[in-house]
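Index from 1, following the sequence.
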Amino acid sequence: MTDHVSTHQSEEDARNENILIWVDGRIVPKAQAVVSVYDSGFMLGDGVWEGIRLYNGRWAFLEDHLDRLFEAARAIDLDLARTRDEIRQAIFDTQAANGMTTDAHARLMVTRGVKTRPFQHPALSQRGPTMVIIMEHSRPKIPRPIRLATVPHLRGLPMTQDPKLNSHSKLNCILACIAAQKAGADEALMLDIHGFVNTTNACNFFIVRKGQVWTSTGDYCMNGITRQKVIDLCRANDIPVFERNFSLVETYSADEAFLTGTFGAQTPVGSIDGRTIGTGQMGPMTARLRDLYKALVMA
């Protein structure tokens, strides 16, 4: 099976060949947006990042994303060397330089900076941090519901690499995605350390059963901003929603399943491990939550 799609699949846009990228305070053409091979992010995945979407001139939930960026930086003892206002302004400046007004996606990345020698110790990162903002014209284009496959790769315990941390170190999730694609699916459904359904390699995961919306406890996954907005929308609109443990047995018999993430908002899931979920198409609850979310970001 070769017709793989991705939760981050978008329309082709020729304007992206000429985007301008923010690199350590300079806005430069794409071809000139480079960092050192000694950079901590390139060498070791030592950094944190945020993905942010632009809707009708506004960056959705920007303050939530900045909260999470600063929290992650504190967690890994990384001095961002810029204030919240300076980082916010860098986003606005990059947007203005590219003339973007809507349907854009920004990836803001910060690493520990350039190392003096190619080894692990953080004290060797003596020039930095490195901060980059890549901003692209980006309209999601997913031609069908996503197919998932359960994989053996887990989101682990906080004392190994806390899955709540939005770090550059994504190899575990990449290997999960590769395993899913080898199994003929698009992306991976990952379990937690107890065998309960947890998350996918790229997005948070929800199911719908008998009018109720379920997602994992959040103990072993990135607690996504879009995930929380969906939970909040359910509560505000009298839709029963539960953060709980549930198994693959309960997942396979769900009426609907969908993913949440900054890029795709709410992406329907058509099948898991070859089992069709519901009708295999977007269900009514997913459609309702998409409408509620769209109204929220446009408000």
Side-chain angles (χ1 to χ4, degrees), residues 8 10 13 15-36 39-42 45-114 122 125-140 164-168 222-229 261-265 293-294 296-299:
H8 294 94
S10 62
D13 196 316
R15 293 175 294 177
N16 287 330
E17 292 305 310
N18 298 306
I19 57 171
L20 298 172
I21 296 174
W22 193 97
V23 182
D24 285 338
R26 298 183 305 123
I27 296 178
V28 298
K30 188 175 184 178
Q32 297 175 27
V34 296
V35 298
S36 170
D39 190 83
S40 302
F42 172 77
D46 183 4
V48 293
W49 63 277
E50 284 294 320
I52 318 168
R53 278 201 72 78
L54 182 68
Y55 295 93
N56 289 348
R58 293 173 53 194
W59 293 98
F61 317 120
L62 177 56
E63 300 309 314
D64 293 328
H65 284 283
L66 290 176
D67 284 345
R68 189 167 67 181
L69 177 68
F70 276 84
E71 181 181 89
R74 284 193 299 272
I76 68 168
D77 197 28
L78 170 61
D79 180 2
L80 294 178
R82 290 179 174 86
T83 67
R84 187 185 186 97
D85 287 344
E86 288 171 333
I87 294 174
R88 187 189 299 108
Q89 189 61 50
I91 294 168
F92 295 158
D93 290 346
T94 310
Q95 175 190 347
N98 284 289
M100 294 173 172
T101 57
T102 195
D103 293 322
H105 194 82
R107 191 174 183 99
L108 190 161
M109 299 169 284
V110 191
T111 77
R112 205 174 300 275
V114 179
S125 300
Q126 294 184 7
R127 179 161 62 87
T130 302
M131 184 177 294
V132 174
I133 303 171
I134 299 175
M135 202 171 285
E136 294 183 327
H137 299 278
S138 172
R139 187 190 298 269
K164 292 183 174 65
L165 184 64
N166 218 14
S167 77
H168 281 208
M222 166 60 65
N223 287 187
I225 290 168
T226 309
R227 172 188 186 271
Q228 188 59 52
K229 298 302 179 186
T262 299
F263 179 85
Y293 184 82
K294 183 176 180 180
L296 179 64
V297 298
M298 297 299 184

Heavy-atom side-chain contact between [X] and [Y] under 4.5 Å:
{"X": "T130", "Y": "D24", "value": "yes"}
{"X": "M135", "Y": "I91", "value": "yes"}
{"X": "R68", "Y": "N223", "value": "no"}
{"X": "T111", "Y": "D46", "value": "no"}
{"X": "F92", "Y": "Q89", "value": "yes"}
{"X": "L69", "Y": "R84", "value": "no"}
{"X": "D64", "Y": "K229", "value": "yes"}
{"X": "P129", "Y": "L78", "value": "yes"}

For the side chain to side chain contact (heavy atoms under 4.5 Å, CB included) test, which of I52, T262, I134, L54 pairs with H105?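 When I52, T262, I134, L54 are each tested with H105, the side chain to side chain contact (heavy atoms under 4.5 Å, CB included) holds only for T262.
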Please answer whether the main-chain N or O of [Y] pairs with a side-chain N or O of [X] as donor and acceptor at a distance below 3.5 Å.
{"X": "N166", "Y": "W49", "result": "yes"}
{"X": "Q95", "Y": "M100", "result": "yes"}
{"X": "R53", "Y": "S138", "result": "yes"}
{"X": "E86", "Y": "T83", "result": "yes"}

Using the rule given for salt bridge (Lys or Arg N to Asp or Glu O under 4.0 Å), can you reason through E136 versus R107, listing the C-alpha separation, both sets of side-chain angles and the distance that settles it, and then say yes or no? CA-CA 9 Å; E136 294 183 327; R107 191 174 183 99; over 6 Å; no
Are the charged groups of D77 and R112 less than 4.0 angstrom apart, N to O?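 Answer for the salt bridge query: no.
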